[in-house]
**Q** 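Got a structure for you, written out below as structure tokens; questions coming shortly.
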Amino acid sequence: MSARTISVLAAVFLAAVTSYLAGMWTTYKNWWPWEKATDVQTAWRSWRATGYFLPGDTYARRKADAPDDRHAVHDAAAVAPGLWVINRYDPPTQGYVFELVDGTGAILNSFPIDYSRISEGGKPSEFAHIATVLPDGSVLVVWDDAPGMARLDACGKPIWAKTDRIYHHSLERGVDGYWTWATDNWYGAEDQDMIRFDPMTGEILEEINLIDDIIETSPENRLKLTVPDGYRYKRDSHYGEQADLFHPNDLEELLPGMAAAFPEFEAGDLLVSLRNIDALAVIGRRTGEVKWIAYGPWRDQHDADFQPDGTITVFSNNTDRNRSQIIAVDPKTGASRDLFAGTGLGFDSFIMGKHQHLPNGNWLITPTIQGRVIEATPEGRIVREYNNILNGDYNALVLYAEHLEPDYLAKVPTCAN
């Protein structure tokens, strides 16, 4: 073999090794061109499945027991009277839509949740996590992945908007105002604030910092929240710079009307969900004390709620287990149970998910990834459901749903445009 041939082969070998190592490195770092190649693969898979070029995790195969109708009532006599709020992904527009639906499935009001209307230069299709309705018919929205919280009118036009921070995951009513989480960045952010705000104006009424007002107030709190003594926080981290330590995703005030069921707590105490340590905790609002904390049996959980019977319920995502649960725990005894074990009711959402205990005893369950909302009896029998139908085989996401009592709204909001 000539020296020239050996040189050519060596050059080809070195180029191949360099290309391989470059590919491995860009894959590890999720840099371009690997990121672009992944996007192309995702788009191609979604086109083959749905006929649309869609982002990942925005659609899923419809469950075998789900009807092919968007709205279905299986037992009208057992359904809780009232309206449903639906916040869903809309594949044709690749945006997010708010809908108000009555008991027959008729849409009473609908509008796109357009982020560009609250933030100049923002994407209209920015991920809208929660859209919840106030009694006057206006809608509160948080976006999670982009700075923003807003109150929208019946046409989706901002009444007020804040884009100074990322407000995320939670919109829960308190005695005086609503609660949400806020941070200057997301995914890796350790500097998180519990925010109480006036829903009419957006004015911030109270801020409780997770580090300064809770974790670092005592060695006991640090230990309970899995933070070693001397840990150095990085308050100004940016997306992807460090591990997402806590991932707070729910925040709820113990209301006075329910406080008697929780004698170990006080009205005003705060229930928080910290997904990345599988923890639910109740925080003393006045003192910052971690009064109660438990780690599982829920995993990767969302949407923890105080219940009138003195239990706390939570949507356990159970990532990688292909089956989610609604789990109830008694903070007095630590005893927990799967509310639908043995009933045959199955649902799954490896991220997100909501649940709501209805006045008639039924449960409203929103397995986000399955694009489904179900109303089920305590025995696990589905009496009403909504499927965000994309085509004959697939549903698109339903990010949030809630049940409104018949007298909740002063009047049904409609858009005059």
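Please read all numbers here as calculations on a predicted model, not as lab measurements.
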**Q** Mind running side-chain contact (heavy atoms from CB on, under 4.5 Å) on Leu358 and Leu364 for me, showing each step along the way?
**A** CA-CA 7 Å; Leu358 306 183; Leu364 191 73; 4.2 Å; yes

**Q** How many angstroms lie between atom CG of Asp90 and atom CG of Asn388, to the nearest 0.5 angstrom?
**A**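 With rounding to 0.5 Å, CG (Asp90) is 7.5 Å from CG (Asn388).
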
**Q** Where is the tightest heavy-atom contact between Leu345 and Ala376, given as atom of each residue plus distance?
**A**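 For Leu345 versus Ala376, the nearest heavy atoms are CD2-CB, 3.9 Å.
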
**Q** Looking only at the side chains, is there a donor atom on one of Glu289 and Ser218 sitting less than 3.5 Å from an acceptor on the other?
**A**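 Note: Glu289 and Ser218 side chains miss the donor-acceptor criterion.
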
**Q** Return yes if some donor-acceptor pair links the side-chain N/O of Ser349 with the main-chain N/O of Ile369 below 3.5 Å, else return no.
**A**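 Looks like yes, one N/O pair under 3.5 Å.
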
**Q** So that I can tick it off, tell me whether Arg372 and Asp65 are bridged by a salt bridge, with the cut-off set at under 4.0 angstrom between side-chain N and carboxylate O.
**A**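 Yes, Asp65 and Arg372 are salt-bridged.
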
**Q** List the steps and the verdict of side chain to side chain donor-acceptor pair (under 3.5 Å) for Asp153 and Ser138.
**A** CA-CA 5 Å; Asp153 69 11; Ser138 60; over 6 Å; no

**Q** Run the side chain to side chain donor-acceptor pair (under 3.5 Å) check on Gln192 and Asn209 step by step: do they pass?
**A** CA-CA 6 Å; Gln192 299 274 354; Asn209 185 265; over 6 Å; no

**Q** Ignoring hydrogens, what is the shortest heavy-atom contact between Pro55 and Gln94? Give both atom names and the distance.
**A**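 Heavy atoms only, the tightest pair is CD-OE1, 4.0 Å.
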
**Q** Which atoms form the tightest heavy-atom contact between Glu207 and Asp213, and what is the distance?
**A**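 Distance-wise, the nearest heavy atoms are O-OD2, 4.2 Å.
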
**Q** Donor-acceptor pair, Ser46 side chain versus Ala43 backbone, under 3.5 Å?
**A**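 Side chain of Ser46 to backbone of Ala43: a pair is present.
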
**Q** Can you tell me if Thr311 uses its side chain to pair, donor with acceptor, with the backbone of Ala328 under 3.5 Å?
**A**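 The answer is no, because no donor-acceptor pair under 3.5 Å joins these two groups.
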
**Q** Roughly how far, to the nearest 0.5 Å, is the CG atom of Asp250 from the CH2 atom of Trp179?
**A**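 It is 13.0 Å, given to the nearest 0.5 Å.
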
**Q** Any chance you could measure Tyr52, atom OH, to Asn391, atom CG, to the nearest 0.5 Å?
**A**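 That separation rounds to 8.5 Å.
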
**Q** Just by distance, do the side chain of Asn318 and the backbone of Phe350 share a donor-acceptor pair under 3.5 Å?
**A**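 No; judged by distance alone, with no hydrogens or angles, the pair does not exist.
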
**Q** Are the side chain of Ser170 and the backbone of Leu251 linked by a donor-acceptor contact shorter than 3.5 Å?
**A**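 It does hold such a pair.
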
**Q** Taking the basic N atoms (NZ, or NE/NH1/NH2) and the acidic carboxylate oxygens, is any pair closer than 4.0 Å for Asp193 and Arg165?
**A**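 Judged by the 4.0 Å cut-off on N to carboxylate O distance, Asp193 and Arg165 do form a salt bridge.
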
**Q** Should Glu385 and His71 count as side-chain neighbours, where that means a heavy-atom distance under 4.5 Å?
**A**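 No, too far: nothing below the 4.5 Å cut-off.
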
**Q** Are Lys63 and Asp348 ion-paired here, with the side-chain N under 4.0 Å from a carboxylate O?
**A**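 Salt bridge absent between Lys63 and Asp348.
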
**Q** Is the closest side-chain heavy-atom distance between Met194 and Glu206 below 4.5 Å?
**A**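 Side chain of Met194 against side chain of Glu206, heavy atoms only: no contact under 4.5 Å found.
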
**Q** Considering residues at least two apart in sequence or located in another chain, which fulfil the ring pair (Phe, Tyr, Trp, His ring centres under 6.0 Å) criterion with Phe347?
**A**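 Only Phe315 meet the ring pair (Phe, Tyr, Trp, His ring centres under 6.0 Å) criterion with Phe347.
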
**Q** Is Lys354 salt-bridged to Asp303, going by a charged N under 4.0 Å from an acidic O?
**A**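 Asp303 and Lys354: salt-bridged.
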
**Q** Could you check Leu54 against Leu390 for side-chain contact (heavy atoms from CB on, under 4.5 Å), going step by step and ending with a plain yes or no?
**A** CA-CA 11 Å; Leu54 301 176; Leu390 196 163; 3.8 Å; yes

**Q** State whether the number of non-hydrogen atoms from other residues, nucleotides or ligands found under 6.0 Å of Lys332 atom NZ is greater than 12.
**A**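 Enclosed.
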
**Q** Return yes if a side-chain donor-acceptor contact under 3.5 Å exists between Thr377 and Glu379, otherwise no.
**A**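 Looking only at side-chain atoms, Glu379 and Thr377 do form a donor-acceptor pair, the distance falling under 3.5 Å.
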
**Q** Is a salt bridge present between Asp300 and Arg321, judged by a nitrogen-to-oxygen distance below 4.0 Å?
**A**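 Between Arg321 and Asp300 there is no salt bridge, as every charged N stays at least 4.0 Å from the carboxylate O atoms.
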
**Q** Please name all residues satisfying ring pair (Phe, Tyr, Trp, His ring centres under 6.0 Å) with Tyr89, sequence neighbours left out, ordered by chain then number.
**A**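 For Tyr89, the residues satisfying ring pair (Phe, Tyr, Trp, His ring centres under 6.0 Å) (neighbours in sequence not counted) are Tyr96.
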
**Q** Looking only at non-hydrogen atoms, find the nearest pair between Thr368 and Ile351 and report the distance.
**A**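 Taking every non-hydrogen atom into account, CB-O, 4.2 Å.
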
**Q** Taking CZ in Arg70 as the centre, count heavy atoms belonging to other residues, nucleotides or ligands within less than 6.0 Å. Is the count above 12?
**A**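 Enclosed.
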
**Q** Would you call Glu253 and Arg196 a salt bridge, using N to O less than 4.0 angstrom?
**A**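 Salt bridge between Glu253 and Arg196, a charged N being under 4.0 Å from a carboxylate O: no.
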
**Q** The test is side chain to side chain donor-acceptor pair (under 3.5 Å); show your working for Tyr233 and Asp236 and say whether it passes.
**A** CA-CA 9 Å; Tyr233 302 97; Asp236 59 349; over 6 Å; no

**Q** Using side-chain heavy atoms (C-beta onward) and a distance below 4.5 Å, is Tyr400 in contact with Val141?
**A**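 Tyr400 does not reach Val141 side chain to side chain.
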
**Q** Nearest 0.5 angstrom please: Asn221 CG to Thr217 OG1, how far?
**A**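 Nearest 0.5 Å value for the CG-OG1 distance: 4.0 Å.
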
**Q** With a 6.0 Å cut-off on ring centres, are Trp181 and His169 close enough?
**A**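 Not close enough - the centres of the two rings lie 6.0 Å or further apart.
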
**Q** For residues Ala304 and Leu280, report the shortest heavy-atom separation together with the two atoms involved.
**A**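 So the two residues come closest at CB-CD2, 3.8 Å.
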
**Q** Ring pair (Phe, Tyr, Trp, His ring centres under 6.0 Å) with Trp143: which residues, sequence neighbours excluded?
**A**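 Expected list: Tyr115.
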
**Q** Heavy-atom distance under 4.5 Å between the side chains of Val290 and Leu225, does that happen here?
**A**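 Result yes, sub-4.5 Å side-chain heavy-atom pair found.
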
**Q** Any chance you could lay out the side-chain contact (heavy atoms from CB on, under 4.5 Å) test for Leu399 and Phe127, step after step, and finish with the verdict?
**A** CA-CA 9 Å; Leu399 295 96; Phe127 174 82; 3.1 Å; yes

**Q** Which is it for Leu210 and Ile215 under the side-chain contact (heavy atoms from CB on, under 4.5 Å) test, yes or no, and what are the steps along the way?
**A** CA-CA 6 Å; Leu210 183 61; Ile215 297 173; 4.0 Å; yes

**Q** Does the side chain of Asp184 come within less than 4.5 Å of Ile166's, by heavy atoms?
**A**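 Counting from C-beta outward, Ile166 and Asp184 never come under 4.5 Å.
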
**Q** Checking side chain to side chain donor-acceptor pair (under 3.5 Å) between Asn317 and each of Gln301, His302, Arg275, which is the one that passes?
**A**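 Of all the options given, the one that passes is His302.
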
**Q** Working to the nearest 0.5 Å, report the span between CZ of Phe262 and CG of Leu254.
**A**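 Separation between the atoms: 6.5 Å.
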
**Q** Side-chain contact, heavy-atom cut-off 4.5 Å: Glu99 with Asn109?
**A**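 No, side chains not in contact.
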
**Q** Compare every heavy atom of Trp160 with every heavy atom of Leu140, then report the nearest pair and how far apart it is.
**A**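 Nearest pair, atom of Leu140 first, then Trp160: CD2-CZ2, 3.9 Å.
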
**Q** Determine, stepwise, if the pair Asn387 / Asn395 fulfils side chain to side chain donor-acceptor pair (under 3.5 Å).
**A** CA-CA 7 Å; Asn387 284 273; Asn395 282 1; 2.9 Å; yes

**Q** So, Asp229 and Arg222, do they make that salt bridge, N to O below 4.0 Å?
**A**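 Yes, Asp229 and Arg222 are salt-bridged.
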
**Q** For a 4.5 angstrom cut-off between non-hydrogen side-chain atoms, does Leu404 reach Leu409?
**A**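 A side-chain contact under 4.5 Å exists here.
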
**Q** At what distance, to the nearest 0.5 angstrom, does NE2 of His403 lie from CH2 of Trp84?
**A**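 These two atoms lie 8.5 Å from each other.
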
**Q** Parallel under 30°, tilted from 30 to 60°, perpendicular over 60°: which one fits the rings of Phe197 and Tyr178?
**A**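 Tilted: the ring planes of Phe197 and Tyr178 meet at 30° to 60°.
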
**Q** Less than 4.5 Å apart, any side-chain heavy atom of Ile86 and any of Tyr386?
**A**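 Yes, close enough: below the 4.5 Å cut-off.
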
**Q** Less than 3.5 Å apart, any donor N or O on the side chain of Tyr59 or Gln370 sitting next to an acceptor on the other?
**A**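 The criterion, which ignores hydrogens and geometry beyond distance, is not satisfied for Gln370 and Tyr59.
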
